[in-house]
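In what follows, a structure is listed as structure tokens, so that the remarks can point back to it.
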Amino acid sequence: MRCRLHLPDEAATLAFGARLARNLPAGLTFYLVGDLGAGKTTLVRGLLRALGVTGRVKSPTYTLVETYELPGFELYHFDLYRMHDPREWLDAGFRDVSGQAVSLIEWPDKAAGWLAAPDVIIRLSIADESREVECESASPVGARYLETSCKPC
């Protein structure tokens with residue numbers, strides 16, 4: 001399952017994040033791929049707002065992870081940009097994240113070989129002032145999720 005969308009502005013990126021929040025089951029792992037400024041954290045902010053998070057949603061670039069307690073599951077937003085060695089993933093204790101949590105992982109290549117396999121890969125790219133997004137399922141549960149959250153276009 002794969003879909004592509006054009007996101008003309010920040011509001012569209014936030015709205016797409018909100019769309020991804022609908023029917024979000026516990027246990028999914030997302031890889032968020034894209035250059036600096038591509039909109040990964042903005043997308044996560046839209047998703048979290050739709051799930052009822054009202055506080056500040058910030059990039060976990062310096063803390064590596066932000067955790068959100070939501071009804072039904074925990075959500076972990078990882079940003080691995082500052083990691084220099086994939087083993088730092090283990091040293092930080094991240095492999096102990098519950099299998100019922102939702103994990104959104106920015107810069108997954110920084111911990112290649114140590115991460116759980118993704119269910120969904122979201123690739124964001126910059127196109128002038130807008131963004132292009134491609135969502136791809138990487139597991140059967142990811143495919144079922146995308147069928148309801150990201151219709152092919």
Side-chain angles (χ1 to χ4, degrees), residues 1-51 53 57-61 64-68 70 72-83 86 88-90 92 94-153:
M1 171 77 187
R2 187 181 293 229
C3 74
R4 294 175 196 256
L5 297 167
H6 176 76
L7 305 173
D9 53 26
E10 181 178 356
T13 304
L14 291 166
F16 182 65
R19 185 171 158 190
L20 292 174
R22 288 182 285 192
N23 304 312
L24 181 64
L28 280 185
T29 297
F30 292 81
Y31 285 6
L32 304 176
V33 179
D35 291 335
L36 286 172
K40 298 179 296 294
T41 298
T42 301
L43 181 109
V44 171
R45 186 175 303 118
L47 185 146
L48 287 168
R49 291 282 181 253
L51 291 173
V53 173
V57 176
K58 59 185 178 175
S59 173
T61 301
L64 297 180
V65 65
E66 291 290 333
T67 305
Y68 300 90
L70 302 168
F73 58 85
E74 288 181 311
L75 185 142
Y76 293 89
H77 178 200
F78 295 98
D79 185 333
L80 308 182
Y81 181 74
R82 297 176 53 82
M83 288 180 56
E88 290 178 58
W89 174 262
L90 297 176
F94 294 144
R95 72 173 168 186
D96 299 328
V97 170
S98 161
Q100 290 305 303
V102 170
S103 294
L104 304 166
I105 306 171
E106 296 186 35
W107 303 96
D109 56 305
K110 298 281 190 164
W114 299 102
L115 296 175
D119 296 297
V120 176
I121 301 168
I122 299 176
R123 293 178 186 88
L124 288 148
S125 58
I126 301 169
D128 296 321
E129 297 299 314
S130 63
R131 302 294 183 264
E132 299 293 328
V133 64
E134 178 182 358
C135 299
E136 177 184 358
S137 61
S139 74
V141 69
R144 285 190 299 276
Y145 166 73
L146 284 181
E147 285 175 5
T148 62
S149 300
C150 182
K151 303 285 187 218
C153 20

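Note that the numbering runs from 1 along the sequence shown for the chain.
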Those residues that, when tested against Phe30, pass ring-ring contact (aromatic ring centres under 6.0 Å, His included) (two or more places apart): Tyr145
Shortest non-hydrogen contact between Ala116 and Thr29, atoms and distance: O-CG2, 4.3 Å
Heavy-atom closest pair, residues Leu36 and Ile126: O-CD1, 3.8 Å
Spacing of CZ belonging to Phe73 relative to CG belonging to Leu51, to within rounding of 0.5 Å: 5.5 Å
Residue pairs fulfilling salt bridge (charged side-chain N to carboxylate O under 4.0 Å, His left out) with at least one residue in residues 131-143, sequence neighbours excluded: Arg2-Glu134, Arg2-Glu136, Arg4-Glu134, Arg123-Glu136
Test side chain to side chain contact (heavy atoms under 4.5 Å, CB included) applied to Ala11 - qualifying residues, sequence neighbours left out: Asp9
Residues forming a side chain to side chain contact (heavy atoms under 4.5 Å, CB included) with Asn23, sequence neighbours excluded: Thr148
Qualifying ring-ring contact (aromatic ring centres under 6.0 Å, His included) pairs, either residue in residues 120-142, two or more places apart: none
Nearest-0.5 Å distance, CG of residue Leu124 to CZ of residue Phe16: 8.0 Å
CG on Leu64 to CG on Asp79, rounded to 0.5 Å: 7.5 Å
Note, Leu75 side chain near Val53 side chain (heavy atom, < 4.5 Å): no
Of all pairs that satisfy side-chain hydrogen bond (donor to acceptor under 3.5 Å, both in side chains), the ones with a partner from residues 31-45, not counting sequence neighbours: Thr41-Glu106
Shortest non-hydrogen separation from Ile121 to Ala138 and the atoms involved: CD1-CB, 4.3 Å
Under the side chain to side chain contact (heavy atoms under 4.5 Å, CB included) test, residues paired with Ala15 that sit two or more places apart: none
Tyr68 and its side chain to side chain contact (heavy atoms under 4.5 Å, CB included) partner, picked from Leu104, Val102, Leu48: Leu48
Ser139: side chain to side chain donor-acceptor pair (under 3.5 Å) partners, not counting sequence neighbours: Asp119
Set of residues satisfying side chain to side chain contact (heavy atoms under 4.5 Å, CB included) with respect to Ala18, sequence neighbours excluded: Ala50
